[in-house]
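See below for the structure under consideration.
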Amino acid sequence: MFTTWVENFESEAARRKRTGDPDWAAGARLHPDVVKSVQRFQVGESGDGANLIAKAGGGTYGAAVRLFVAEEQNHARMLEHLLRSAGQPTIGSHWTDAVFVRLRRALGLRLELMVLLIAETVALRYYRALRDGSHDPLTADVADRILRDEERHVPFHQARLGRVRRPARAFWWMLFAGAVVTVAHDHAPGLRQLGVRPWQFVVQTLEIVRRQGIMDGEAHRPG
């Protein structure tokens, strides 16, 4: 199964190399509230992934994880360039990212993947909002590129998790509910500027979980 995922990640890396970066020189226009929101997501994308890589081990799954981490680091790089293009700095840390990191590292690989799956699911709705609501061509381009990656990351993590027992699913839903409400509250000013009210963000992220069968226990392959 993970040989297919390695091939998928490698194919995407080759496509990115052929396509090249967005036109950073075009500049970006971002509302100050959106800037703060993007800064916080940039921090979340910027981890080195060493803990996950170590837990993944070798073999094809370990190779796929290293390629996944490289994509996440590329997201952080693009968001940094986007902020610079708007004349804005990155930030060194944010409390929500610190909580996610501590939780992910608390136990073994499966818990880390469950927490990652929460972050990736929230990201699906966030980057769609950033793409569709920013009204800035460079921002929309960057958000669309990241969104297409995140749409692959969710089934990748589901493929490794496989069938999840009911107690673990209940635990995941508890974590997910807390996370999506926290993000909606913490990013509320930026979300409103993007045309999404916080309660809509929560409801629509829940709909993504339902529509994509996240945590349904089924194995997923790249499309």
Side-chain angles (χ1 to χ4, degrees), residues 1-22 41-82 97-98 100-124 126-128 141-165 168-169 171-172 175-176 179 208-209 212-223:
M1 177 190 296
F2 291 105
T3 299
T4 304
W5 279 108
V6 170
E7 292 170 352
N8 177 267
F9 280 116
E10 289 177 340
S11 175
E12 285 299 310
R15 183 192 60 77
R16 286 195 300 273
K17 186 174 181 179
R18 292 193 305 269
T19 303
D21 267 6
F41 263 82
Q42 195 276 335
V43 169
E45 300 274 16
S46 62
D48 63 11
N51 192 63
L52 177 61
I53 290 171
K55 290 176 182 176
T60 54
Y61 178 64
V65 165
R66 288 189 290 275
L67 291 166
F68 157 74
V69 169
E71 285 194 356
E72 292 289 294
Q73 292 172 337
N74 186 54
H75 296 172
R77 182 188 68 85
M78 288 197 295
L79 291 175
E80 178 178 359
H81 279 297
L82 176 63
D97 179 61
F100 264 100
V101 169
R102 288 175 184 172
L103 188 59
R104 281 169 45 192
R105 295 178 177 177
L107 293 173
L109 176 62
R110 285 182 66 81
L111 177 61
E112 179 148 6
L113 292 179
M114 288 171 69
V115 176
L116 269 175
L117 190 55
I118 292 170
E120 301 285 8
T121 305
V122 171
L124 288 177
Y126 178 78
Y127 287 116
R128 181 157 64 89
D141 185 7
V142 170
D144 185 65
R145 292 175 186 230
I146 296 176
L147 179 61
R148 282 184 282 142
D149 286 343
E150 302 291 12
E151 288 171 343
R152 294 169 30 255
H153 292 175
V154 167
F156 172 59
H157 296 315
Q158 287 181 284
R160 179 61 181 81
L161 279 169
R163 187 170 298 279
V164 180
R165 294 181 179 178
R169 289 202 302 272
F171 177 66
W172 186 88
L175 292 179
F176 175 80
I208 290 172
V209 175
Q212 297 199 9
I214 295 171
M215 292 298 288
D216 62 3
E218 299 298 324
H220 294 254
R221 295 179 179 271

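No hydrogens, no waters, no symmetry mates; every other heavy atom, side chains included, goes into these values. In this chain, residues are counted from 1 in sequence order.
How far CD of E71 is from CD of E45: 10.5 Å, rounded to the nearest 0.5 Å. The CZ atom of F2 lies 7.0 Å from the OG1 atom of T60; values are rounded to the nearest 0.5 Å. Atom CG of L111 sits about 10.0 Å away from atom CG of L161, to the nearest 0.5 Å. With rounding to the nearest 0.5 Å, the separation of CG in L113 from CZ in F156 is 8.0 Å. The distance from atom CG of L82 to atom CD of E80, rounded to the nearest 0.5 Å, is 11.0 Å. Taking CE of M78 as the start and CD of Q42 as the end, the distance is 11.5 Å to the nearest 0.5 Å.
Panel note: side chain R169, backbone V164; a donor-acceptor pair is recorded below 3.5 Å. Under a 3.5 Å cut-off, the side chain of T121 and the backbone N or O of L117 do form a donor-acceptor pair. Remark: side-chain polar atoms of Q158 are paired, donor with acceptor, to backbone N or O of G213 under 3.5 angstrom.
Taking the six-membered ring for Trp, F41 and H75 have ring centres at least 6.0 Å apart.
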Please evaluate residues L175 and M114 with respect to the criterion side chain to side chain contact (heavy atoms under 4.5 Å, CB included), reporting the C-alpha separation (whole Å), side-chain torsions for both, the decisive distance (0.1 Å), and the verdict.
CA-CA 9 Å; L175 292 179; M114 288 171 69; 5.9 Å; no
Side chain to side chain contact (heavy atoms under 4.5 Å, CB included) evaluation trace for L116 with L52:
CA-CA 10 Å; L116 269 175; L52 177 61; 3.6 Å; yes
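Residues M215 and F176 are not in side-chain contact: their nearest non-hydrogen atoms beyond the backbone lie 4.5 Å or more apart. Between L79 and I146, some side-chain heavy-atom pair lies under the 4.5 Å cut-off. Side chains of F9 and R66 form no contact here, defined as non-hydrogen atoms less than 4.5 Å apart.
The pair D149-R145 does not count as a salt bridge, with every side-chain nitrogen at least 4.0 angstrom from each carboxylate oxygen. Salt bridge annotation for R148-E12: absent, with no cationic side-chain nitrogen under 4.0 angstrom from a carboxylate oxygen.
Nearest heavy atoms, A64 versus V6: N-CG2, 3.7 Å. Among all heavy-atom pairs drawn from G62 and A56, the shortest one is CA-CB, 4.1 Å. Nearest heavy atoms, L109 versus R160: CD2-NH2, 3.5 Å.
A ring-ring contact (aromatic ring centres under 6.0 Å, His included) with H157 is found for one member of W5, F68, Y61 and no other, namely F68. When each of R77, R16, H81 is tested with D21 by the rule side-chain hydrogen bond (donor to acceptor under 3.5 Å, both in side chains), just one qualifies, namely R77.
Within a 6.0 Å radius of CZ in R165, no more than 12 heavy atoms belonging to other residues, nucleotides or ligands are found.
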